[in-house]
Every structure is written in C-alpha cells, then in structure tokens.
Asks: 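Handing you this structure, nothing more for now.
All of these numbers come straight from a predicted model, not from anything done at the bench. Heavy-atom basis, side chains included; hydrogens, waters and symmetry copies ignored. Proteins come first, then strands; the chains are lettered A, B, ... in the order of their sequence lines, and each starts at number 1.
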Amino acid sequence: MVEERRILYEHLDVPDINTFDVYRQHEGYTRFEKAIAEYQPEEIADMVKDAGLKGRGGAGFSTGEKWSFVPRDIEPRYLCCNADESEPGTFSNRYVLEKNPHLLIEGILICCFAMGIETTYVYIRGEFTLGKKMLDAAIKEAYEQGYLGENVRGTGQNINIYTHPGAGAYICGEETGLIESLEGKRGQPRNKPPFPAVQGVFMKPTVVQNVETLCNLPFIVGNGVEWYTQMGPTYGDARFDPPKADPNTGTKLYCISGDVNEPGVYELDLGLTCTELIEVAGGLRGEEVKAVIPGGSSAPILTHYELDTRLDFTSLTLAKSMLGSGGIIVMNETRNIVDCLLNIMKFYAHESCGQCTPCRWGTPWVRDIVQRIADGEGRQTTITRPKFGITESGRWGDTGETEEIYEDLDLLESVANNIANVDTMTWNTICVFGIAVSWPAVSYMRKFRPEFEAAIREGKLVTLPVAEATVPPEENYAYQQRIIPKEMTDLE
Amino acid sequence: MSEEIIQIETPFQFNEENKQEFDELIGRYPVKEAAMLPTLHLAQRQEGYITPAVMKYVAELLELSVMKVKDVVTFYPMFFEEPVGKYVIRICHTLPCALRDCKVVLDHLKSKLGTDVASETNLAKGTTDDGKYTLMKVECLASCDVAPVIMVNDDLYKNLTPEKIDELLEQLPS
C-alpha cells in the first residue's frame with residue numbers, strides 16, 4: 001500500500017500552528033531565512049525551475065518557466081495568490097488557509113524575494129470567511145515580527161500582503177478573471193496574450209500562483225532541488241529528440257470525495273494510480289467503481305478500465321484527461337452517469353460569465369439537452385438510407401437499410417464541440433472555461449454512451465451495471481494512448 | 001448617473017467602524033476602483049443588502065459611475081439586491097455533495113422552514129415569512145470531504161443529516 005508523504009500538511013494538525021510562535025517552533029520561516037542568507041533572487045528562480053515544480057492550480061504549467069517570462073525591469077511587479085478554490089471536488093487550499101496560514105506567507109515571501117515583488121494580493125473566495133480571518137491574523141503577526149512590512153529581515157526589500165475577498169464567482173479562479181475581479185470589475189477573463197506575466201493586474205507584470213504551488217516553495221529552498229526531484233516520476237517527452245525531461249516532481253494534495261470510505265485530503269507523491277488512491281482513502285464505498293473524475297469536475301471522466309492510469313500531469317494528459325486541481329471524485333455502481341453530467345452541466349450553466357457567445361448560449365444548451373435526456377424526453381429517430389444490395393425479392397435494388405439515430409447525443413456532442421473542440425483542443429472562447437464545459441460533456445457521453453442511449457430509448461433514467469454502461473476499451477477514444485511507453489520512463 | 005434616475009429616499013453612509021476599515025483598505029490599491037469588492041462586502045454587512053443608496057455611496061467613495069458599481073453587484077452571486085433573512089442558509093448541491101445525499105438535507109430544510117429555494121433574481125421566494133431565514137442553493141463550497149455541507153451566514157456546517165439540521169436550527173438564536 002502506498003504511504004502518505006506529508007510535507008505541506010506535515011504540521012497541519014499541530015495545535016495552534018496558526019500562531020507565529022508555534023509555527024516558528026516547527027522550522028517556520030527558517031526556509032525564508034535560508035533563502036535570503038544563502039541565495040541571490042535569480043538563484044531561487046533557477047532552483048524552482050530545476051525542481052520542475054508545476055502549477056497546482058489546474059493548468060500544470062511550469063512555475064519556473066512562468067517566472068522567467070516576467071520582465072524584471074518593469075516596476076512595480078505583483079504577485080496574486082489564487083485562493084479562489086471553487087473547482088467542484090477540490091478542498092486542499094481551505095485547510096492550508098484555516099490551519100497553517102503562516103506556511104502560505106512563507107511561500108509568498110520566498111516568491112517575492114525571488115522575483116523582487118513588493119505587493120501581494122491573496123484573492124480568497126468570499127465563502128472562506130474562516131480562512132480569511134486566520135490568514136489576516138497570521139499576516140498581522142508577521143508584520144509585528146518583521147517578516148512583512150518595510151525592509152524585511154534586512155534585505156532592503158519591502159513586502160506587503162493584502163487579502164482580497166471574492167464574491168462567489170467560479171470564473172474568478174481563472175487567472176485573468178481573477179485579475180479583472182481584483183481590479184474591481186466583473187470577473188470576465190481577458191484575451192491572452194498579453195499574458196499576466198507581462199501585463200497583469202493594473203497592467204503590470206504579475207505572477208499568479210495557486211496556494212498549493214506557493215506552499216511548495218519553502219520545501220524546495222529548505223531541502224534542495226535534489227531532494228525535491230526524488231519525489232514523483234520524471235518522464236521523457238518523446239516529441240523531442242533526444243527526449244526532453246518532463247518532470248512530475250513533488251507531492252500533490254489529492255482531494256478525494258464521493259464514494260470512498262474516508263474522503264479527505266491525502267498528500268502523496270505524484271504518479272500513483274487511481275486504484276491505489278482509492279485504497280489509501282479507505283477503499284470504495286460500494287461494490288464496484290463505475291467512474292472516477294481525476295481532476296475536478298472539468299476533467300474528462302475515467303472508466304473502470306482506466307483505473308490503472310497514473311495520477312500525474314503527464315499520464316493524465318496522455319489519457320486525454322487532466323490532473324487539474326487534484327480533486328478526485330469517485331462514483332460507484334449505483335450512480336447514473338447521465339444524472340452526474342446533468343449536475344455538472346447545471347454548475348457550468350450557472351457559472352458561465354457571459355462574455356463569449358459560444359459559452360453563454362452553448363453551456364445552457366448542453367444543460368438543456370442533458371436535462372431532456374434525464375427527463376426521459378431525449379430525441380431519437382429512425383432513418384432509412386438507400387443501400388444497394390439483393391432485396392427480398394431476389395433482385396438487385398434498394399434494400400432500405402434503417403439506422404437508429406440518437407439525435408440528442410449527436411446534438412450534445414456538436415454543441416459541446418462548438419464551444420471547445422475536445423479532439424483538436426481548440427476553443428472558441430476567450431478562456432478555458434469553454435473546454436471545461438465540453439470536456440465532461442463529450443467524455444461522459446462517449447465513454448458511457450450505452451447509459452445515455454438507454455435513457456433515451458426507455459424514456460427514463462436507467463442505471464446499467466458497470467460493464468454494460470461503459471464502452472469497451474477498444475471503442476474508447478482515449479484508451480489507446482493512455483499507457484506511457486517504456487522508453488519514455490527510462491530517461492537515464 | 002444623476003439622482004433624477006435613481007430615487008433615493010434615505011442616503012446610506014458607513015458607520016464609524018466601517019469607515020475606518022474602508023480608509024485602511026483603500027490604501028492597499030494603486031487605483032480606487034480595485035477596492036470595489038471589499039467595500040461592497042463592508043456595505044452589505046452593515047445594510048444587509050445592496051440598495052441603490054449603497055451603490056450611489058460606493059460609487060462616490062470610489063469615484064466611479066453608479067452604473068459601474070451596479071455592473072459589479074449584478075455579476076457576483078454573493079451580493080444581494082433584495083432584503084434577505086437574518087440567517088442566510090446556503091446549501092451546496094454540486095456533484096460531491098449530491099453523491100452524499102444533499103437532496104435529503106435540502107428537502108428537509110424546505111419542509112422545516114416552509115419555504116422554497118431562492119433564485120438569484122427572486123430572493124423573496126426563499127425567504128421565510130417572518131424574515132428569519134433565506135434558503136438558497138449554491139455551487140461547490142470546497143468542503144467535499146465532509147459533504148453534505150451548508151453555510152449559515154459565515155459558518156460552515158458539515159456531514160449533515162436531517163437530525164443535525166433540526167439540532168442546528170434550534171441552536172440558532174432568534
């Protein structure tokens with residue numbers, strides 16, 4: 001059985017770890033002290049790049065690389081910490097904010113030192129009232145102790161952290177939506193480029209990082225790159241010759257919910273399989289796994305055939321899904337996939353910001369189609385095509401081949417693919433919300449097509465047994481490229 | 001926007017404490033507009049909901065048009081433009097909570113409070129006649145491990161069952 005490796009969450013349950021004194025007793029701020037004493041800012045940025053830290057918020061973009069896009073000659077530069085944790089199935093940031101806010105502050109300090117940033121805004125979702133209270137209190141303590149404010153610890157650098165409450169909009173978790181919202185406007189994402197690294201908040205260079213990403217920084221600095229890269233697999237990216245290293249290093253705060261016996265946050269090395277994770281989370285609640293959502297509700301679903309997929313950025317991308325924010329939702333044999341899709345589509349229809357037409361109209365349309373299928377009113381037609389062959393009378397002629405067409409399923413796929421095409425990975429919207437809508441819509445429908453067809457045929461929701469509800473692996477569009485070839489894993 | 005268009009009977013103003021907090025937070029941003037969300041949160045805490053008078057006041061404070069403030073208020077689900085009950089009950093109904101039977105909790109709340117669920121454009125629909133509770137469905141509250149969850153004003157309640165709801169409602173001071 002896979003063991004938990006608690007690094008970010010190591011001291012989470014220590015009583016009063018949210019206070020400065022107790023945090024200090026548990027190596028608190030020593031990593032920041034080490035950073036300013038032993039390294040130049042650029043060296044820290046290089047370490048983060050070498051460590052292969054990938055952004056934990058959803059996109060999985062290399063943090064070091066992101067930092068390298070920030071022009072260091074334009075002042076001021078900003079850091080926005082994304083604590084707008086709204087992806088269904090994700091809840092790891094909440095515990096950091098509520099229980100160990102000083103760890104986040106230390107991460108922010110290291111990032112500010114490395115990038116020469118003076119002002120940080122922590123965008124906390126409006127519902128996290130306790131988290132905001134705890135972080136505000138910790139920030140106050142840090143000011144009193146001289147870790148924030150003017151000339152921090154004799155570095156000559158001023159560092160300020162401000163918390164900024166959101167107000168319940170999912171889209172503000174998208175980095176440019178967050179920036180717009182922070183500027184006091186509607187949280188409607190901006191076109192990229194220019195990327196936030198060049199023109200972000202107040203049109204100045206901005207680093208946007210998730211809470212979990214920032215919390216990794218103290219450990220990279222404190223324990224070194226070598227220690228960090230030992231955790232998690234590093235693959236070779238075969239698109240390059242020779243294969244370029246594709247690191248999936250470090251631990252991940254896997255949030256597991258749904259049909260498992262012990263839902264919660266488990267900190268594990270990247271790269272374990274779905275089956276292993278379910279085992280760590282106390283096993284399945286129920287008889288059989290029907291489906292697993294691997295990275296928050298936006299991620300394409302995995303069937304029970306795909307449970308050996310490793311939960312890391314590279315493997316899930318190959319499986320045409322994503323690790324996203326690491327929110328894993330497990331569903332057992334009693335769940336109806338049409339019903340689950342309906343729930344998710346209601347979420348997206350509610351949360352579309354309304355800026356781009358394909359998403360504003362397409363998302364409610366997809367919801368309505370799924371609603372219609374769930375209500376037993378899904379559309380189905382029988383069409384007759386001319387087909388030449390030997391007819392019943394023994395002559396050569398039109399045999400009148402008939403075919404059952406599930407009109408609504410074709411419509412569903414067509415509408416979803418016109419918001420964002422899941423096969424070509426192109427979207428007709430400004431931000432990736434579009435793909436977050438069509439990914440679940442298309443993947444649920446393709447991978448659990450028998451259940452959708454049954455609902456239309458029978459005129460009501462029918463929960464089929466797992467084996468019947470799932471399309472076989474050979475018909476699964478995502479199954480083939482799923483396993484990482486051996487030569488990619490043998491980089492050495 | 002001029003006063004002829006928006007009829008304001010009683011003007012709104014921050015109380016002493018909130019004025020202080022506002023003065024402190026306006027200094028955090030290089031442009032005043034950026035203080036919009038925290039300012040609206042403060043105002044809503046004082047007034048209960050965002051009235052036209054609040055919007056006008058906030059617009060004056062931040063040196064913006066009232067329309068710009070309204071634009072923001074209508075975008076975010078946490079700002080109310082109608083009066084709400086003393087206790088705002090937000091129940092999560094997204095997938096992880098749905099897998100843990102949030103519907104049972106919702107139905108129980110509905111029958112217990114004798115009210116429907118508020119919609120964003122009609123908060124009165126989910127408010128009890130005595131003005132004590134407003135019941136609304138919200139999207140994921142990021143507590144899927146302890147589903148089903150509700151928030152009563154600023155507090156989160158976890159692993160709910162109909163029995164726990166009964167207990168909770170009794171504990172709330174009237």
Asks: What option among B:K68, B:E120, B:R90 has the most heavy-atom pairs under 4.5 Å with chain A?
Replies: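 The option with the most such pairs is B:E120.
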Asks: Against chain B, work out which of A:S86, A:G166, A:S92 has the most heavy-atom pairs shorter than 4.5 Å and name it.
Replies: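 Top option by heavy-atom pairs under 4.5 Å: A:G166.
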Asks: Is the number of heavy atoms from other residues, nucleotides or ligands within 6.0 Å of CD (A:E150) greater than 12?
Replies: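 Atom CD in A:E150 is not packed in, count stays at 12 or less.
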Asks: Can you tell me which of B:V72, B:T74, B:D71 forms the most heavy-atom pairs within a distance under 4.5 Å of chain A?
Replies: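 Winner by heavy-atom pair count: B:D71.
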Asks: Listed by chain and number, what are the side-chain contact (heavy atoms from CB on, under 4.5 Å) partners of A:Q188, not counting sequence neighbours?
Replies: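 By the side-chain contact (heavy atoms from CB on, under 4.5 Å) rule, A:Q188 matches A:R186, A:C353, A:Q355, B:F75.
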Asks: Taking the side chain as everything from C-beta on, heavy atoms only, tell me whether A:S181 gets closer than 4.5 Å to B:Y76.
Replies: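 Side chain of A:S181 against side chain of B:Y76, heavy atoms only: contact under 4.5 Å found.
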Asks: Count the heavy atoms belonging to other residues, nucleotides or ligands that lie under 6.0 Å from NZ of B:K70, then report whether that count exceeds 12.
Replies: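 No, the 6.0 Å shell around NZ holds no more than 12 heavy atoms from other groups.
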Asks: From B:S143 OG over to A:R94 CZ, what is the distance, rounded to the nearest 0.5 angstrom?
Replies: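 It comes to 3.0 Å.
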Asks: Show your reasoning for whether side-chain contact (heavy atoms from CB on, under 4.5 Å) applies to A:R335 and B:L99.
Replies: CA-CA 8 Å; A:R335 306 301 176 185; B:L99 294 175; 3.6 Å; yes
Asks: So, A:H350 side chain and B:V138 main chain: donor-acceptor pair closer than 3.5 Å or not?
Replies: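 Absent.
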Asks: For each of A:R285, A:E351, A:K346, tally heavy-atom pairs with chain B at distances under 4.5 Å, and name the one with the top tally.
Replies: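 Highest number of pairs under 4.5 Å: A:R285.
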Asks: Give, as side chain, backbone, both or neither, the part of A:Y170 having an atom under 4.5 angstrom from any heavy atom of chain B.
Replies: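 Nothing of A:Y170, per the 4.5 Å heavy-atom cut-off to chain B.
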Asks: In terms of heavy-atom contacts, does NZ of B:K132 have more than 12 from other residues, nucleotides or ligands at under 6.0 Å?
Replies: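 For B:K132, atom NZ is crowded (more than 12 foreign heavy atoms under 6.0 Å).
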Asks: Enumerate by number any residue of residues 147-169 of chain B whose heavy atoms lie under 4.5 Å from heavy atoms of chain A; in the absence of such residues, state 'none'.
Replies: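 So the qualifying residues are B:M151, B:D154, B:L156.
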Asks: Would you please indicate yes or no on a ring centroid separation below 6.0 angstrom for B:Y29 and A:H164?
Replies: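 For A:H164 and B:Y29, the ring centres are under 6.0 Å apart.
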Asks: How about NZ on B:K103, more than 12 heavy atoms from neighbouring residues, nucleotides or ligands closer than 6.0 Å, or not?
Replies: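 For B:K103, atom NZ is not crowded (no more than 12 foreign heavy atoms under 6.0 Å).
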Asks: Which atom names give the shortest non-hydrogen contact between B:C144 and A:T90, and what distance separates them?
Replies: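 Scanning both residues, the minimum pair turns out to be SG-N, 4.1 Å.
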Asks: Is a donor on one side and an acceptor on the other found under 3.5 Å between the side chain of A:N343 and the backbone of B:L95?
Replies: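 Yes: the side chain of A:N343 pairs with the backbone of B:L95.
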Asks: Below 4.5 Å, heavy-atom pairs only: which of A:G258, A:A169, A:P165 has the largest tally toward chain B?
Replies: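 So the answer, after comparing A:G258, A:A169, A:P165, is A:P165.
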Asks: Identify which part of A:Y78 has an atom lying under 4.5 Å from any heavy atom of chain B, answering side chain, backbone, both or neither.
Replies: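 It is the side chain, since no backbone atom gets that close.
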Asks: Identify the heavy atoms of B:R28 and A:T163 that sit nearest to each other, and give their distance.
Replies: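 Shortest heavy-atom separation between B:R28 and A:T163 comes out as NH1-O, 3.1 Å.
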Asks: Take a 6.0 Å sphere around CG of B:D129 and say whether it holds more than 12 heavy atoms from other residues, nucleotides or ligands.
Replies: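 Not more than 12 within 6.0 Å, no.
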Asks: Checking heavy atoms, do the side chain of A:I329, its backbone, both or neither come under 4.5 Å from chain B?
Replies: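 It is the side chain, since no backbone atom gets that close.
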Asks: Identify, with sequence neighbours excluded, every residue that meets salt bridge (Lys or Arg N to Asp or Glu O under 4.0 Å) alongside A:E333.
Replies: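 By the salt bridge (Lys or Arg N to Asp or Glu O under 4.0 Å) rule, A:E333 matches no residue at all.
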Asks: Sort by residue number and list every member of residues 118-128 of chain A having a non-hydrogen atom under 4.5 Å from chain B.
Replies: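 A:Y121, A:Y123, A:R125, A:G126, A:E127, A:F128 fall under the 4.5 Å cut-off.
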Asks: Which atoms of A:V330 come close to chain B, meaning under 4.5 Å heavy atom to heavy atom: side chain ones, backbone ones, both, or neither?
Replies: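 Backbone of A:V330 only, per the 4.5 Å heavy-atom cut-off to chain B.
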Asks: When heavy-atom pairs shorter than 4.5 Å are enumerated against chain B, which of A:K185, A:K133, A:E87, A:E85 gives the highest number?
Replies: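 Of A:K185, A:K133, A:E87, A:E85, A:K185 has the most heavy-atom pairs under 4.5 Å with chain B.
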Asks: Heavy atoms only, distances under 4.5 angstrom: which of A:A281, A:P76, A:G187, A:C172 has the most pairs with chain B? Name it, please.
Replies: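 Looking at each option in turn, the highest pair count goes to A:G187.
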Asks: For B:C140 and A:G89, work out which heavy atoms get closest and say how close.
Replies: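 For B:C140 and A:G89, the tightest heavy-atom pair comes out as SG-N, 3.9 Å.
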Asks: With a 4.5 angstrom heavy-atom cut-off, could you sort out which part of A:F202 is near chain B: side chain, backbone, both or neither?
Replies: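 The side chain, not the backbone.
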Asks: Is the backbone N or O of A:S257 less than 3.5 Å from a side-chain atom of B:R100, with the two atoms forming a donor-acceptor pair by type?
Replies: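 No; judged by distance alone, with no hydrogens or angles, the pair does not exist.
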Asks: To the nearest 0.5 Å, how far apart are OH in A:Y162 and CG in B:L25?
Replies: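 Between atom OH of A:Y162 and atom CG of B:L25 there are 11.0 Å.
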Asks: With rounding to the nearest 0.5 Å, note down the distance linking CG in A:L182 to CE in B:M36.
Replies: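 Here the interatomic distance stands at 12.5 Å.
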